[in-house]
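Have a look at the structure below, then the notes.
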Amino acid sequence: MINSVNEIIDSFFTESFEIDKESFSKIKKKYTTSITDSLDKGHLTTNVCMIAAGILKKNPRELSVSLASELQKSINIEEAISAGPGFINIYLTRGAFVHSIKQANNELLSYGNSKGENKRKIQIEFVSANPTGPLHVGHGRGAAYGDAIGRILEACGHEVEKEYYVNDAGRQIDILTSSVSLRLMGVDDEEMPESSYRGKYIAEIAEKYIQSYGNSAHDKDIIMANLPGDSEKEIDEITRRIKKDPTLWNSIKELSLNEVLHSIKHDLKEFNVIHDRWYFESSLGRLEDPSSQISNAMSYLEKKGQAYKEDGALWLNTSLAKDDKNRVLVREDGRPTYFASDVAYHKDKIDRGFDTLINVWGADHHGYIKRIESSIEGLGFDKEKLNVQLVQFANLFRDGKKVKMSTRSGEFYTLKDLIKEIGRDAARFYYLSKQADQHLDFDIDLAKSDNKENIFYYIQYAHARICSLQNKFMEDNASLPNSSIEIELNNYKKCDELIHEISKFPGVVQRSAANLHPHLIIYFLKDFAQSFHSFYNDNHVLSESSKNTESILYCLNAAKQVLANGLNLLGIKPIEKM
RNA sequence: GCGCCCGUAGCUCAGCUGGAUAGAGUACUUGGCUACGAACCAAGGGGUCGGGAGUUCGAAUCUCUCCGGGCGCACCA
């Protein structure tokens, strides 16, 4: 509908005025026709006259009066009125206005989706937590966010691949392996080094290891003798000693990594988050191997003159792209930095042919963005391909107090705990309820409460109420109604506000996709639920005349579809019965 | 010092590429179940959108500047 209005507007300007191409494209670029926020301004509104007035040096009011009379000729438009400083408020014919009810009833699950004129191949990399322990509540936010934008982008016609980058090659994995090894040697809670992982899950992994391989531990007295005082050096020295038995090391490492990955995958599945691909850092290969991906990436950068040797290390000239300083790719001693792996990984992602790479990162990584962007430019690609979305940490509150979390000691509130306490869908909902790059105070008590303050249930309640009405109706009828005849004939108008809201939904989904903002859907659903509850309270649907009841129910089915589709885009299952 | 984010009602927050009288929830004061689910609805008060300047027909929204708060700035991962 908006498109056909825009066509009239465009031809009005191109045909009625001697207008050069440049001015017209300026107007076309700036003006908008949109659904009004409330019905007292009509159904649609456009600001084109105020935009054009400045460019054509005309009076906006006069423009709007003549454009309004032009618009009124359209068969879908009942009336077009010039309003305010030069807006045009458009009243659609009854048929055009109620069209969205039919559309939602016909398209069902795909109502709100769009075809995507510029369909892109998009990769979203998210969560990517180091596989050194269970996911905690901080990871949950990134998981919910990445998954939701994936669903929303797909609904807008894009091709989306979701990926988890597994850092299985670095020092953190060494520490994990050492931690498990120490447990196997019988090191107890008190004795565990400060920098080791000490959570309960470490002991559980050790237990698993014993079950599979028996207890073939290192000699505790040798490993633990004369360790350096500095806690970081201490754990590294322990690792060095344990690694002297490579067979044992590798078997412990392999089992530990598998166990942790298994639990991460399990938690994500419980959270309704599925990654299409798990990409292992180790698959980039080693620098010693000249045919590995990481070697290829490094030599490619060197050949292009982007990387250079200095003080025995290999540096990337990132400051050319406005990074503060150049960064080391390969250390003096020949070991690659984490950055080197990341460069190689991003090269691989681009080589795989994605138009857009969305990286969902924890906010503490924001200093890292410029560096990666520079490396992408250094590789000869447009840095616009990369879109980094930062996710701020979520603070949990219970009884008005912040829930404490200390990661190293292992006493932390895991994602699993959260799902168990408030449920998967409520957790997803509240993670998504605020723009991702802003701090989120996650109130556990609120998420469990059962009043309007808990907007998750407020929205679900609207859906459940419609289901309940339908069930009641079905007690005496064979099937649900399939038209809104009384509403179409304008005999019943009390649903109008709701219909107006139904028609807004596809636009909300598009905006949400364009900005990568799932929370826009949440706030829309909240307002939408409010419109419904208000209608429901004022009107007793099932005691209307049978014609009216049927028409209303057909309309409410469209409303139910909007609620369901909105929730589905967030990865949340609509509730049919509270 | 440099970079990123934030500052909107007492509190928690919405506000889309600039648009018409700045919105919700909560709290406070009231009213509404002999009807489909009261986990609900309705009404009221509450604001110099951190301050200032600029761009514009029009600014909470864009630009600059100042103030206040948070975070990040490794040959760690």
Side-chain angles (χ1 to χ4, degrees), chain A residues 29-32 34 36-37 40-41 45-47 49-51 53-54 59-61 83-87 89 130 132 167 169-175 232 281 311-315 322-325 327-333 335-342 363-371 390 392-393 433-435 437-441 443 446 449-455 457-458 460-462 464-473 507-508 510-512 514-515 517 519-520 522-524 526-527 529-530 532-544 549 553 577-578:
Chain A
K29 206 172 157 191
K30 279 190 80 179
Y31 87 85
T32 53
S34 54
T36 58
D37 43 342
D40 55 4
K41 292 173 189 158
T45 184
T46 181
N47 62 355
C49 296
M50 287 175 295
I51 305 288
N59 180 306
R61 288 285 307 191
F87 292 101
N89 293 341
N130 283 340
T132 54
N167 297 118
R171 176 169 172 262
Q172 298 304 321
I173 296 301
D174 286 351
I175 298 177
E232 296 298 324
E281 181 185 1
D311 300 333
L314 184 69
W315 295 73
K322 296 201 176 122
D323 194 8
D324 308 347
K325 52 181 262 191
R327 306 290 174 173
V328 171
L329 287 164
V330 183
R331 300 181 181 90
E332 259 182 283
D333 61 12
R335 289 178 305 131
T337 60
Y338 180 81
F339 181 46
S341 304
D342 256 3
D364 54 333
H365 283 67
H366 85 244
Y368 206 70
I369 298 176
K370 279 224 171 88
R371 212 178 302 183
L390 295 178
Q392 284 285 356
F393 295 112
S433 67
K434 225 187 140 178
Q435 203 168 316
D437 64 356
Q438 287 173 31
H439 289 276
L440 172 73
D441 289 340
D443 186 336
L446 172 68
S449 70
D450 58 356
N451 54 44
K452 191 175 176 180
E453 197 181 351
N454 183 349
I455 55 174
Y457 279 106
Y458 183 74
Q460 292 281 24
Y461 187 37
R465 270 182 152 177
I466 298 176
C467 291
S468 170
L469 274 178
Q470 293 181 333
N471 290 335
K472 207 98 184 173
F473 180 81
V508 172
Q510 279 168 27
R511 251 190 353 256
S512 171
N515 301 311
H517 284 170
H519 74 282
L520 295 179
I522 287 190
Y523 284 94
F524 170 77
K526 197 205 82 199
D527 291 341
Q530 187 154 35
F532 166 75
H533 286 306
S534 179
F535 170 80
Y536 182 89
N537 232 271
D538 291 345
N539 304 282
H540 196 258
V541 179
L542 299 179
S543 50
E544 288 278 345
T549 298
L553 281 177
K577 211 172 174 179
M578 307 286 287

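Convention: sequence-line order gives letters A, B, ...; per-chain numbering from 1. Values in this document were obtained by computation on a predicted structure and should not be read as measured data.
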Whole-Å distance separating the CG atom of A:Asn167 from the P atom of B:rC76: 15 Å

A:His519 side chain near A:Gln435 side chain, heavy-atom distance below 4.5 Å: yes

Derivation of the side-chain contact (heavy atoms from CB on, under 4.5 Å) call for A:Asp37 and A:Lys41: CA-CA 8 Å; A:Asp37 43 342; A:Lys41 292 173 189 158; 3.4 Å; yes

Length of the CG-P vector between A:Leu329 and B:rC76, whole Å: 13 Å

Rounded interatomic separation in angstrom, taking CG from A:Asp437 and P from B:rC5: 8 Å

Whole-Å C1' distance, B:rG44 and B:rA9: 15 Å

Short side-chain N/O contact to B:rU12 OP1/OP2 from A:Gln438, under 4.0 Å: no

Atom pair CH2 (A:Trp315) and CG (A:Leu329), whose distance is rounded to the nearest 0.5 Å: 10.0 Å

Side-chain N,O (A:Arg331) to OP1/OP2 (B:rC76) below 4.0 Å: yes

Nearest-Å distance once atom C1' is located in both B:rG54 and B:rC40: 49 Å

Spacing of A:Asp333 atom CG relative to B:rC76 atom C1', expressed in whole Å: 14 Å

Span that lies between the P atom of B:rC49 and that of B:rC57, in whole angstrom: 23 Å

A:Ile369 CD1 to B:rC2 C1', straight-line distance once rounded to whole Å: 15 Å

Donor on one side chain, acceptor on other, A:Thr549 and A:Glu544, under 3.5 Å: no

Distance, nearest 0.5 Å, that separates OG1 of A:Thr337 from CZ of A:Arg327: 10.5 Å

Short N/O separations, protein against nucleotides 69-74 of chain B, under 3.5 angstrom:
| residue | atom | partner | partner atom | Å |
| --- | --- | --- | --- | --- |
| B:rG70 | O2' | A:His439 | NE2 | 3.2 |

OH on A:Tyr338 to CZ on A:Arg171, rounded to 0.5 Å: 14.5 Å

Atom-to-atom span, CG of A:Asp441 to P of B:rU12 - whole angstrom: 8 Å

Interatomic distance at P, B:rU48 relative to B:rU8, whole Å: 12 Å

First encountered from the 5' end of RNA chain B, between A:Lys434 and A:Thr36: A:Lys434

B:rA27 and B:rG68, which share atom name C1', separated by this distance in whole Å: 27 Å

B/S/- contact track for nucleotides 25-36 of chain B, protein heavy atom under 4.0 Å: SS-----B--BB

A:Arg465-A:His533 side chain donor-acceptor pair, cut-off 3.5 Å: yes

Rounded interatomic separation in angstrom, taking OH from A:Tyr458 and C1' from B:rA39: 11 Å

Sugar-phosphate only, base, or nothing, as touched by A:Gly54 at under 4.0 Å among non-hydrogen atoms: nothing

P atoms of B:rG10 and B:rC16, separation to the nearest Å: 22 Å

Just the atom pairs and distances: protein N or O near nucleotides 17-19 of chain B's N or O, under 3.5 Å.
| residue | atom | partner | partner atom | Å |
| --- | --- | --- | --- | --- |
| B:rG19 | N7 | A:Asn47 | ND2 | 2.9 |

Test log, rule salt bridge (charged side-chain N to carboxylate O under 4.0 Å, His left out), inputs A:Asp333 and A:Arg331: CA-CA 5 Å; A:Asp333 61 12; A:Arg331 300 181 181 90; 5.3 Å; no

Option from A:Thr36, A:Thr45, A:Asp40 for which side chain to side chain donor-acceptor pair (under 3.5 Å) with A:Asn89 holds: A:Thr45

Base-pairing mate for B:rA42 - Watson-Crick or G-U, with both contacts under 3.5 Å: B:rU30

5'-most by nearest nucleotide on RNA chain B - A:Tyr461 or A:Asp37: A:Asp37

Separation between the P atoms of B:rU63 and B:rC11, rounded to whole Å: 27 Å

Separation of the P atoms in B:rA22 and B:rC67, to the nearest angstrom: 31 Å

Nearest to side-chain heavy atoms of A:Ala83, which nucleotide of B:rA20, B:rA42, B:rG15: B:rA20

Ring geometry between A:Phe532 and A:Tyr536 (parallel below 30°, tilted from 30 to 60°, perpendicular above 60°): tilted

Side-chain donor/acceptor contact of A:Asp40 with base of B:rA20 under 3.5 Å: no

From A:Leu553 atom CG to A:Gln470 atom CD, the distance as rounded to the nearest 0.5 Å: 7.0 Å

Plane angle bin for A:Phe339 and A:Tyr368 - parallel if under 30°, tilted between 30 and 60°, otherwise perpendicular: perpendicular

Syn-anti status, with the boundary at 90° from 0, for the nucleotide B:rC33: syn

Watson-Crick or G-U wobble mate for B:rA22, both contacts under 3.5 Å: none

Watson-Crick or G-U counterpart of B:rC4, or none if no pair lies under 3.5 Å: B:rG70

Sugar-phosphate, base or nothing in reach of A:Thr45, heavy atoms under 4.0 Å: base

Atom pair distance, as rounded to whole Å: CZ in A:Phe473 and P in B:rG37: 15 Å

Touch class at under 4.0 angstrom, heavy-atom based, for A:Asn471 against every strand present: nothing

Rounded distance [0.5 Å steps], CG in A:Leu440 versus CG in A:Asp443: 10.0 Å

